[in-house]
Amino acid sequence: MAADDRSRRDGDDPSGRAWTWPLSSLLGSLSPAEREPLLTLGTEVRYPADRVLLRESDRTDFLLVLLAGVVKVTGRTHDHRDALLTVRMGGDLVGEFAAVDGRPRSATVTSCGQVTARTVSRPAFLDCMRREPRIAQAVNASIVTKLRAANDRRIDFTGCDTATRVARVIHQIAVTYGEPAGAGAVIRWPITQPELATLSGAAEPTVHKALRRLRESGAVTTGYRTIRVESMALLETIAYS
């Protein structure tokens with residue numbers, strides 16, 4: 001695991017409170033002075049667990065600047081199931097696609113536990129992008145990173161068995177959002193086996209078997225609402241060897 005992927009950047013919002021964001025996130029990639037104009041926009045809102053923040057196909061165009069907490073991004077499949085597409089946490093933006101192009105929402109965003117965010121209108125966001133080239137550059141880079149990650153996952157999964165796909169999904173989540181813990185990392189936000197199955201492109205019973213194999217290997221342990229990676233090196237070997 002790269003050091004930058006696991007490190008965090010502490011920052012203050014205009015009210016003086018401190019937040020901690022991954023350096024790989026939008027807010028974490030900006031210096032305090034660079035991100036301040038973004039953090040002064042809109043209104044701060046707190047959401048409880050399991051609240052739908054944005055809904056697929058809605059024509060709303062505001063965005064959320066996530067300050068703390070984790071959200072899951074889901075899409076509706078042709079057979080009316082909710083497929084987990086990705087997760088986002090404090091330091092990220094959600095809803096920026098609609099804020100940029102004004103089209104209907106492409107996915108649903110739901111809180112996983114308590115979430116604190118700033119809700120920003122489309123006009124205020126676009127004006128900030130025009131006035132602040134460093135923020136605009138960071139937003140564009142963030143969008144490209146999301147699209148590249150989606151493409152990479154499709155390519156990586158081609159020809160892989162389920163156990164490998166599950167290992168890669170857990171490894172990617174741990175690298176991006178896990179809390180460092182010794183030689184491993186802890187994923188504290190709740191991810192269900194059906195959600196892990198949709199991320200892995202596999203059936204739930206097959207994912208259950210893959211998780212058992214990962215536990216038996218000593219790479220991961222699972223608990224209530226958590227997944228602990230005991231060894232990132234071992235998990236990476238299983239996922240990419």
Side-chain angles (χ1 to χ4, degrees), residues 13 19 21-22 24-27 35 37-132 135-136 138-151 153-154 169 172-173 176-177 189-192 194-201:
D13 71 7
W19 307 98
W21 301 301
S24 57
S25 69
L26 175 84
L27 294 180
R35 63 177 170 250
L38 184 59
L39 293 175
T40 59
L41 299 178
T43 305
E44 184 177 307
V45 183
R46 293 180 177 84
Y47 299 100
D50 302 318
R51 174 70 62 84
V52 173
L53 313 184
L54 306 171
R55 192 176 298 277
E56 185 176 355
S57 300
D58 278 1
R59 298 203 67 92
T60 56
D61 57 12
F62 65 92
L63 67 91
L64 295 172
V65 181
L66 300 179
L67 301 176
V70 178
V71 301
K72 61 183 179 182
V73 183
T74 58
R76 201 71 167 165
T77 65
H78 67 280
D79 55 353
H80 308 295
R81 293 182 298 109
D82 288 325
L84 180 61
L85 305 176
T86 189
V87 296
R88 298 284 178 244
M89 69 179 300
D92 291 329
L93 302 184
V94 290
E96 72 271 34
F97 286 15
V100 169
D101 65 15
R103 298 179 62 185
R105 300 289 185 192
S106 58
T108 294
V109 176
T110 306
S111 57
C112 300
Q114 293 186 346
V115 169
T116 303
R118 295 195 71 85
T119 177
V120 180
S121 70
R122 185 186 185 214
F125 175 65
L126 294 179
D127 181 62
C128 180
M129 294 266 281
R130 284 190 291 268
R131 291 185 291 102
E132 304 291 340
I135 290 177
V139 170
N140 290 336
S142 175
I143 290 174
V144 169
T145 296
K146 291 176 181 180
L147 295 176
R148 285 185 183 275
N151 288 340
R153 195 174 74 181
R154 293 188 185 99
V169 167
Q172 290 166 3
I173 292 172
T176 308
Y177 298 116
W189 48 271
I191 180 169
T192 66
E195 291 171 340
L196 191 56
T198 59
L199 276 178
S200 306

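Keep in mind that this is a model prediction, so the values were computed, not measured.
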Identify the heavy atoms of [X] and [Y] that sit nearest to each other, and give their distance.
X      : Y      : result
Ala99  : Phe125 : CB-CD2, 3.9 Å
Ser106 : Phe97  : OG-CD2, 4.3 Å
Arg122 : Asp101 : NH2-C, 3.7 Å
Pro37  : Thr40  : O-OG1, 2.8 Å

To the nearest 0.5 angstrom, please state how far the [atom1] atom of [X] sits from the [atom2] atom of [Y].
X      : Y      : atom1 : atom2 : value
Leu66  : Trp19  : CG    : CH2   : 11.0 Å
Trp21  : Leu67  : CH2   : CG    : 6.0 Å
Leu41  : Leu63  : CG    : CG    : 8.5 Å
Leu64  : Arg118 : CG    : CZ    : 11.5 Å
Thr145 : Asn140 : OG1   : CG    : 10.5 Å
Ser24  : Asp92  : OG    : CG    : 7.5 Å

Close side-chain approach of Met89 to Pro22, heavy-atom, < 4.5 Å: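 Yes, their side chains come closer than 4.5 Å.
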Test item: Leu93 and Ser142 side chains (from C-beta on) under 4.5 Å apart, heavy atoms: no
Thr86 side chain vs Val73 backbone, donor-acceptor pair below 3.5 Å: no
Lys72 backbone acceptor or donor facing Thr110 side chain under 3.5 Å: no
Only pairs under 3.5 Å count here: list side-chain donor-acceptor contacts from residues 53-61, not counting sequence neighbours, and write none if there are none.
residue: Glu56; atom: OE1; partner: Arg76; partner atom: N; Å: 2.9
residue: Thr60; atom: OG1; partner: Arg105; partner atom: NE; Å: 3.1
residue: Thr60; atom: OG1; partner: Arg105; partner atom: NH2; Å: 3.2

Chi angles and distances behind the side chain to side chain contact (heavy atoms under 4.5 Å, CB included) call for Leu38, Leu27: CA-CA 9 Å; Leu38 184 59; Leu27 294 180; 4.0 Å; yes
Side chain to side chain contact (heavy atoms under 4.5 Å, CB included) between Cys112 and Val87, intermediate numbers included: CA-CA 9 Å; Cys112 300; Val87 296; 5.9 Å; no
Under the salt bridge (Lys or Arg N to Asp or Glu O under 4.0 Å) test, residues paired with Glu96 that sit two or more places apart: Lys146
Heavy-atom neighbours of Arg131 CZ exceed 12 at 6.0 Å: yes
